[in-house]
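Dropping a structure here in structure tokens format, bear with me for questions.
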Amino acid sequence: MGRAEERARRRRREQKKRARRKQIRRTLIILLLIAAATAIVIAMVQGRKKRQQERLAKEAEIAAEEQALADKRALISAADQLAAGYDYDGAIELLQSQSDYDIDMDLTNAIAEYTASRTNMEAKDTTSVSHLCFGSMISDTSRAFSSVLSPETLNSINATGTTVAEFNTILQNMYDNGYVLVRMEDLITVTEDEEGNRVLSKNTALMMPLDKKPYVISVNDWSCPIAQDGMGLTGRAVVDDDGTIRSAVSYDADAETGAYDFVSCLNAFMEEHPDGAYRGARGTLGISGSEGVLGYRTASAYETGEGLTSTQQSWLDAHPDYDRNEEIAAATAAASAIRESGWTFAYRSYNNASIGYNDIETAREDFALWQSEVEPIVGEVNTMIFVDGSDIGDWHLYDKEEDEVFAYYKDAGIDFYLTVDVSSEYWIQLTDDYLRMGRIPCNGYQMWNVISGDSDYNVFENFFDVTSVFDSERRTPINAV
């Protein structure tokens with residue numbers, strides 16, 4: 001092989017080496033570029049992830065701050081509700097339950113406001129509290145005051161009932177005149193003696209602003225007697241999905257529902273005017289049983305057919321699908337909602353019996369029926385509403401040693417005894433054993449007596465303006481029943 005060929009081979013080898021080196025350099029460059037690009041992508045991804053994490057963290061921080069603010073607003077709102085009902089101590093205690101209350105300006109300002117308001121309070125005399133009572137509610141005046149009804153029936157409804165408009169106006173007048181609704185339990189303090197017996201005494205710590213006056217409300221009964229069907233009176237109680245109590249405008253099965261009863265009207269008013277009720281107080285609702293409870297036919301007689309009146313039997317015949325268990329379930333649900341809204345129930349006798357002094361046989365028989373058929377629906381009670389203003393004694397003190405009827409009721413857990421008295425703005429009798437109250441009936445007859453001048457004494461004068469309350473749809477004159 002000549003030198004020329006040798007040189008040519010060397011050149012080719014050199015060329016290949018240079019080519020390989022170029023290829024290696026290109027590969028390295030590509031790898032470096034890929035690595036750089038990858039690093040850039042990774043950095044971008046990591047940066048995006050970091051920014052996303054920072055954004056999420058910021059959003060979480062903002063959400064937490066907004067939730068904390070919402071929680072604080074809800075807390076202050078709850079405290080405001082307590083304060084509106086004059087429970088300033090409860091409102092302050094609620095805010096001070098927060099660990100940082102003393103460094104939070106909103107909480108400390110609210111506490112300062114409640115504390116200042118509390119200084120404008122005084123203890124009210126709980127032995128001079130007025131008690132307003134109501135009979136049936138007239139939900140449809142066009143029916144109740146219709147000439148279709150017999151004169152006797154029309155006058156009876158006219159005399160004993162109160163219209164929806166009248167009741168709402170009475171509540172507004174009472175509120176405007178500085179009256180605040182309280183429970184009967186707010187009037188007393190209960191302790192126990194050495195033998196474990198309940199001892200009642202005057203509550204000396206019912207605190208309200210200086211310009212406020214306590215009063216009590218009760219309703220005689222909500223049973224919807226079948227004989228009064230079609231007369232324009234409130235029908236059954238119903239409960240909305242949100243727990244709001246309503247009532248049927250009449251006894252009709254498909255009647256519209258709304259605020260056609262004392263419970264829903266009072267609840268709606270006090271929700272709008274929480275300062276009109278002391279610590280969320282509501283009224284006391286009397287319940288009988290022979291016609292059913294809250295408009296439902298819960299009495300066992302509807303199931304057995306025994307002892308039914310002709311009117312009740314006709315109703316039962318017209319309702320072949322009647323199911324007592326369903327009626328009891330519906331009444332129980334309504335009673336539960338009424339209790340939860342702040343109302344209490346009272347024994348109004350099972351058979352609307354007027355129980356007198358030492359009428360122990362009637363007392364035991366009637367209360368046993370009520371405990372058997374009504375108590376499982378409305379729960380235990382500590383209050384008795386006497387029928388038609390009757391009483392188990394005169395104005396003298398009850399005496400367990402001398403009156404076995406009182407002893408019987410007291411042993412059954414009855415602390416409050418409610419009768420009727422229109423001779424004064426209040427009448428209260430309090431002993432270690434019981435509290436008895438005279439109630440002022442706010443019905444058509446009593447209001448007409450004032451308007452017509454038949455009454456020398458306007459017992460409503462300091463409560464409400466009778467002339468503006470009196471429903472123009474009423475028929476006059478109104479006679480006693």
Side-chain angles (χ1 to χ4, degrees), residues 1 3-85 87-117 238-246 267-268 270-275 279-280 333 336-337 340-342:
M1 179 184 297
R3 292 181 177 177
E5 290 179 349
E6 181 62 28
R7 285 194 296 271
R9 282 198 299 273
R10 283 198 299 268
R11 282 196 300 272
R12 286 195 294 272
R13 284 197 297 271
E14 289 297 326
Q15 289 173 348
K16 287 180 180 180
K17 288 179 181 179
R18 286 194 297 271
R20 282 197 298 272
R21 286 195 294 270
K22 287 181 180 180
Q23 182 61 40
I24 290 170
R25 284 195 298 271
R26 283 196 297 269
T27 300
L28 289 173
I29 291 170
I30 291 172
L31 291 174
L32 288 172
L33 290 173
I34 291 173
T38 301
I40 293 170
V41 169
I42 291 173
M44 291 175 64
V45 169
Q46 289 177 337
R48 207 163 38 239
K49 185 176 181 180
K50 182 179 179 181
R51 288 192 298 274
Q52 184 179 25
Q53 289 174 337
E54 290 174 346
R55 187 180 72 252
L56 290 175
K58 188 64 176 178
E59 290 175 353
E61 182 183 350
I62 294 172
E65 290 174 354
E66 290 177 346
Q67 184 61 52
L69 183 60
D71 290 343
K72 184 170 70 172
R73 286 172 178 166
L75 182 73
I76 293 176
S77 177
D80 284 343
Q81 283 293 107
L82 292 173
D87 186 6
Y88 296 114
D89 290 336
I92 292 170
E93 182 179 349
L94 178 62
L95 297 188
Q96 288 181 340
S97 67
Q98 303 302 298
S99 58
D100 61 345
Y101 80 89
D102 54 344
I103 59 173
D104 187 297
M105 186 72 72
D106 294 327
L107 299 185
T108 56
N109 285 342
I111 290 172
E113 181 181 338
Y114 302 150
T115 302
S117 297
V238 295
V239 184
D240 290 348
D241 292 339
D242 64 355
T244 302
I245 299 103
R246 295 281 184 266
N267 286 358
M270 293 307 175
E271 284 168 11
E272 243 183 83
H273 306 85
D275 57 331
R279 302 192 178 190
S336 177
E340 288 176 7
S341 74

*Determine which pairs satisfy salt bridge (charged side-chain N to carboxylate O under 4.0 Å, His left out) with at least one residue from residues 19-42, sequence neighbours left out, and list them in order.*
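Listed once each, the pairs would be none.
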
*Shortest non-hydrogen contact from Arg51 toward Met44*: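 That would be NH2-O, 4.5 Å.
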
_Separation between CD1 of Ile30 and CD of Gln23, rounded to the nearest 0.5 Å_ =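 Answer for the CD1-CD pair, Ile30 versus Gln23, is 7.0 Å.
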
_Interatomic spacing from NZ in Lys49 to CD1 in Ile42 - rounded to 0.5 Å_ =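 Between atom NZ of Lys49 and atom CD1 of Ile42 there are 12.0 Å.
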
_Pair listing, side chain to side chain donor-acceptor pair (under 3.5 Å) test, anchored in residues 63-79, at least two apart_ =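 Found Gln67-Asp71, Lys72-Asp104, Lys72-Asp106.
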
_Can a donor-acceptor pair be found, under 3.5 Å and without considering hydrogens, that links the side chain of Asp240 to the backbone of Asp242?_
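Not at all, since once roles are kept as given, no pair shorter than 3.5 Å links the two residues.
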
*With Thr38, which of Val41, Ile40, Ile34 fulfils side-chain contact (heavy atoms from CB on, under 4.5 Å)?*
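The residue from Val41, Ile40, Ile34 that satisfies side-chain contact (heavy atoms from CB on, under 4.5 Å) with Thr38 turns out to be Ile34.
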
Enumerate donor-acceptor pairs with a distance under 3.5 Å from any side-chain N or O in residues 88-100 to protein atoms, sequence neighbours excluded.
residue : atom : partner : partner atom : Å
Asp89   : OD1  : Arg118  : NH1          : 2.5
Ser97   : OG   : Leu94   : O            : 2.4

_Please report the interatomic distance OG(Ser341) to CD(Glu271), rounded to the nearest 0.5 Å._
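Separation between the atoms: 8.5 Å.
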
*Carboxylate-amine/guanidinium proximity below 4.0 Å for Glu54 and Lys58*: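 Salt bridge: no.
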
*Report yes or no: do Tyr114 and Asp87 form a side-chain donor-acceptor pair below 3.5 Å?*
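Note: Tyr114 and Asp87 side chains miss the donor-acceptor criterion.
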
_Value rounded to 0.5 Å, distance of CZ in Arg18 from CZ in Arg11_ =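 Going from the CZ atom of Arg18 to the CZ atom of Arg11 covers 10.5 Å.
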
*Where is the tightest heavy-atom contact between Ala333 and Val239, given as atom of each residue plus distance?*
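Heavy atoms of Ala333 and Val239 come nearest at O-CG2, 4.0 Å.
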
*Rounded to the nearest 0.5 Å, how far does CG of Leu75 lie from CG of Asp80?*
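Nearest 0.5 Å value for the CG-CG distance: 9.5 Å.
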
*Calculate, to the nearest 0.5 Å, the distance between atoms OG1 and CG belonging to Thr27 and Leu33 respectively.*
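Between Thr27 OG1 and Leu33 CG, I get 11.5 Å after rounding to 0.5 Å.
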
